[in-house]
Number of protein chains: 2
Amino acid sequence: MSERQPTLRERQRSETRRLVQAHAVRLFTDHGYDAVTVADVAEAAGVSAMTVYRHFPTKEDLVLIDQPAQLIAEQVAASSAMQPLVRRVGGALIDAATALTDGNGDEPGADERFLLDCLRLMVSTPALRARHLDSQYALQQAIVDSLGDDASDPDAAFRAQAATSACMAAMHTALTRWAEDDGHTKLPDLIARALAASFGGDAVASHRED
Amino acid sequence: MSERQPTLRERQRSETRRLVQAHAVRLFTDHGYDAVTVADVAEAAGVSAMTVYRHFPTKEDLVLIDQPAQLIAEQVAASSAMQPLVRRVGGALIDAATALTDGNGDEPGADERFLLDCLRLMVSTPALRARHLDSQYALQQAIVDSLGDDASDPDAAFRAQAATSACMAAMHTALTRWAEDDGHTKLPDLIARALAASFGGDAVASHRED
DNA sequence: ACCATCACGTTAGTGACTAACATTTTGAGC
DNA sequence: GCTCAAAATGTTAGTCACTAACGTGATGGT
């Protein structure tokens with residue numbers, strides 16, 4: 001509670017942002033993404049349509065959540081280069097999910113509940129699903145870069161792309177299931193199971209970091 | 001050459017469709033997807049903008065190619081249920097790619113060249129890439145359905161989703177590489193290599209259908 | 001207290017896409 | 001060949017996402 005955003009302006013700005021996003025997700029969930037216009041969201045939040053676009057570049061960005069790309073990429077870069085690719089990437093994904101959904105015992109908190117609402121919209125709405133898949137694709141590129149394999153070998157780069165994309169796909173399956181289960185199942189466990197189903201149990205079993 | 005579309009109307013319709021699409025891909029490639037309006041495409045093809053929308057529901061559909069979902073799904077359904085999931089799906093993907101890029105020795109034909117142009121646009125343009133990833137996601141659902149596992153076991157369904165999505169991701173990597181290589185490398189080989197990099201060489205090695 | 005900056009509002013515009021209606025062209029029966 | 005229903009296309013008007021330009025009031029450092 002010490003280093004709060006100092007200036008009042010920044011606090012108000014992030015507050016309106018949060019407000020707009022909250023109203024947007026609620027309206028989208030209640031009436032459907034396509035049936036709600038940006039003007040509707042603006043009116044519900046008590047701002048002008050232009051303000052919505054100042055905070056969110058597109059209507060889709062009202063729902064899309066920032067993937068912790070930085071966190072995952074660092075975890076991948078820190079992993080041992082001796083391990084097989086899918087274990088390096090898969091382990092990093094599990095660790096990142098653990099870090100994200102950490103402090104909760106069984107019931108998700110308010111933040112996590114909002115995240116689940118967004119995820120459900122992303123899975124069910126075609127336009128949002130497409131954008132979400134593409135943002136995962138961007139994250140994939142970041143992970144491949146952080147793998148640190150020499151760029152001189154195009155074949156190694158291809159293998160890194162293939163293995164990473166497969167891991168991301170498994171994680172996406174876990175994410176979808178997590179949203180369907182309303183967050184009741186632990187996300188890291190779901191990811192581990194998805195990875196095991198894809199690459200075999202031995203590829204991820206010995207990951208425990210005790 | 002025997003069972004041509006009988007009626008003249010249908011021939012003309014598919015001909016204008018082909019014409020519009022050809023002009024669209026050419027203009028998009030030359031000037032960029034975002035810089036070309038649907039009105040531009042219509043004018044280049046000598047039709048009205050409304051006619052473009054009659055043939056293609058959205059601007060993006062001018063570039064997106066129909067994935068042979070039916071073919072792949074049938075091949076998956078016909079595969080032995082005894083094999084591991086990734087081998088069943090991966091094998092079907094390789095077979096489908098083989099069937100698609102069949103008759104060419106080294107140089108791609110006109111159809112394949114057009115397909116490569118579309119693919120390059122899909123990879124480089126964010127909006128098209130997103131839609132393409134989502135259409136692959138739809139194909140994934142079709143494959144999972146055709147796997148024929150009992151719907152009574154939700155855990156088995158989850159594993160099928162995870163394994164299939166990972167295979168699709170590997171194939172997408174191969175497809176991207178194929179477009180980058182301008183079709184010089186054989187697509188089935190690329191898919192096999194991507195699958196091997198993800199799941200290990202033994203998961204796909206013994207697939208040769210001599 | 002002064003003033004540059006920032007958040008927000010307003011307006012006008014572009015472009016993707018839809019709905020409704022008019023027009024022409026094709027195909028099938030007579 | 002003629003007629004008529006259906007299909008393909010054109011035209012117009014409209015909605016909505018999104019952008020650019022400009023104005024206004026509040027904020028915060030000096």
Side-chain angles (χ1 to χ4, degrees), chain A residues 3-25 27-28 31-64 121-122 125-132 134-135, chain B residues 4-25 27-28 31-64 121-122 125-132 134:
Chain A
E3 48 184 0
R4 279 233 171 270
Q5 294 185 17
T7 130
L8 181 140
R9 251 211 282 248
E10 289 178 14
R11 241 181 306 142
Q12 282 186 340
R13 174 170 175 82
S14 65
E15 174 57 22
T16 54
R17 180 193 158 89
R18 206 193 53 76
L19 196 90
V20 168
Q21 194 172 30
H23 280 281
V25 171
L27 288 176
F28 292 158
H31 308 103
Y33 177 78
D34 294 322
V36 177
T37 71
V38 174
D40 293 337
V41 173
E43 190 183 351
V47 297
S48 79
M50 198 59 219
T51 299
V52 177
Y53 285 114
R54 286 234 167 70
H55 288 272
F56 303 92
T58 76
K59 183 184 178 185
E60 294 156 359
D61 287 292
L62 283 163
V63 180
L64 298 176
L121 282 169
M122 282 189 256
T125 308
L128 295 174
R129 190 176 50 219
R131 278 277 324 249
H132 180 233
D134 194 51
S135 84
Chain B
R4 279 229 172 275
Q5 292 185 16
T7 128
L8 181 138
R9 236 199 296 242
E10 290 179 12
R11 242 182 306 143
Q12 281 186 340
R13 175 169 174 82
S14 65
E15 174 58 23
T16 54
R17 181 194 157 88
R18 206 192 53 77
L19 196 89
V20 168
Q21 193 172 30
H23 279 282
V25 171
L27 288 177
F28 292 159
H31 307 102
Y33 178 78
D34 294 322
V36 177
T37 71
V38 174
D40 293 337
V41 173
E43 190 184 350
V47 297
S48 78
M50 199 57 220
T51 298
V52 176
Y53 285 114
R54 287 235 168 68
H55 287 272
F56 303 91
T58 75
K59 182 184 178 186
E60 295 156 359
D61 287 292
L62 284 163
V63 181
L64 298 176
L121 281 170
M122 282 189 256
T125 307
L128 295 174
R129 190 176 51 221
R131 279 275 324 246
H132 180 233
D134 194 52

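Please read these numbers as outputs of a predicted model, since none were measured by experiment.
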Figure out the [atom1]/[atom2] separation between [X] and [N], and round it to whole Å.
{"X": "B:E15", "N": "D:dT9", "atom1": "CD", "atom2": "P", "answer": "11 Å"}
{"X": "B:F28", "N": "C:dG15", "atom1": "CZ", "atom2": "P", "answer": "13 Å"}
{"X": "A:E60", "N": "D:dA17", "atom1": "CD", "atom2": "C1'", "answer": "10 Å"}
{"X": "B:D61", "N": "C:dA16", "atom1": "CG", "atom2": "P", "answer": "14 Å"}
{"X": "B:R17", "N": "D:dT9", "atom1": "CZ", "atom2": "C1'", "answer": "16 Å"}
{"X": "B:R11", "N": "D:dA7", "atom1": "CZ", "atom2": "P", "answer": "18 Å"}
{"X": "A:K59", "N": "C:dC17", "atom1": "NZ", "atom2": "C1'", "answer": "13 Å"}

Q: Evaluate the side-chain proximity of A:V41 to A:F28: yes if any heavy-atom separation is below 4.5 Å, no if none is.
A: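 Answer yes - side chains close enough.
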Which atoms form the tightest heavy-atom contact between [X] and [Y], and what is the distance?
{"X": "A:V63", "Y": "A:L121", "value": "CG1-CB, 3.9 Å"}
{"X": "A:V47", "Y": "A:V52", "value": "CG2-CG2, 4.2 Å"}
{"X": "B:A44", "Y": "B:L27", "value": "CB-CD1, 3.8 Å"}

Short side-chain N/O contact to [N] OP1/OP2 from [X], under 4.0 Å:
{"X": "B:H55", "N": "D:dA8", "result": "no"}
{"X": "B:S48", "N": "D:dG10", "result": "yes"}
{"X": "A:T16", "N": "C:dA7", "result": "no"}
{"X": "B:R13", "N": "D:dT9", "result": "yes"}

**Q.** Spatial distance of atom CG (A:D134) from atom CG (B:D134) [nearest 0.5 Å]
**A.**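 Spacing of CG (A:D134) from CG (B:D134) equals 10.5 Å.
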Q. Between atom NE2 of A:H55 and atom CG of A:D61, what is the distance when rounded to the nearest 0.5 Å?
A.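 Rounded to the nearest 0.5 Å, the NE2-CG separation comes to 13.5 Å.
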Q.
For the backbone of B:M122 and the side chain of B:T125, can you confirm whether one donor and one acceptor N or O come within less than 3.5 Å of each other?
A.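 Answer holds: no.
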Please list, one pair per line, the donor and acceptor atoms closer than 3.5 Å that link side chains of residues 18-25 of chain A to other protein atoms, with sequence neighbours excluded.
| residue | atom | partner | partner atom | Å |
| --- | --- | --- | --- | --- |
| A:R18 | NH2 | A:E15 | OE2 | 3.3 |
| A:Q21 | NE2 | A:L62 | O | 3.2 |
| A:H23 | ND1 | A:R26 | NH2 | 2.9 |

Q) Tell me, which pairs form a salt bridge (charged side-chain N to carboxylate O under 4.0 Å, His left out) where one or both residues lie in residues 49-60 of chain B, sequence neighbours left out? A)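 Sorted pair list: B:E60-B:R131.
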Restricting both atoms to N or O, compile the protein contacts to nucleotides 18-21 of chain C shorter than 3.5 Å, with distance only.
none

What nitrogen or oxygen pairs link the protein and nucleotides 28-30 of chain D at under 3.5 Å?
| residue | atom | partner | partner atom | Å |
| --- | --- | --- | --- | --- |
| D:dG28 | OP1 | A:L8 | N | 2.7 |
| D:dG28 | OP1 | A:R9 | N | 3.0 |

Q | Residues that B:R9 engages under side-chain contact (heavy atoms from CB on, under 4.5 Å), provided they are two or more places apart | A |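 Per chain and number, B:R9 pairs via side-chain contact (heavy atoms from CB on, under 4.5 Å) with B:T7.
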**Q.** Interface with DNA chain D, restricted to residues 33-43 of chain A and to heavy atoms under 4.0 Å
**A.**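 Here the set is A:V36, A:T37, A:V38.
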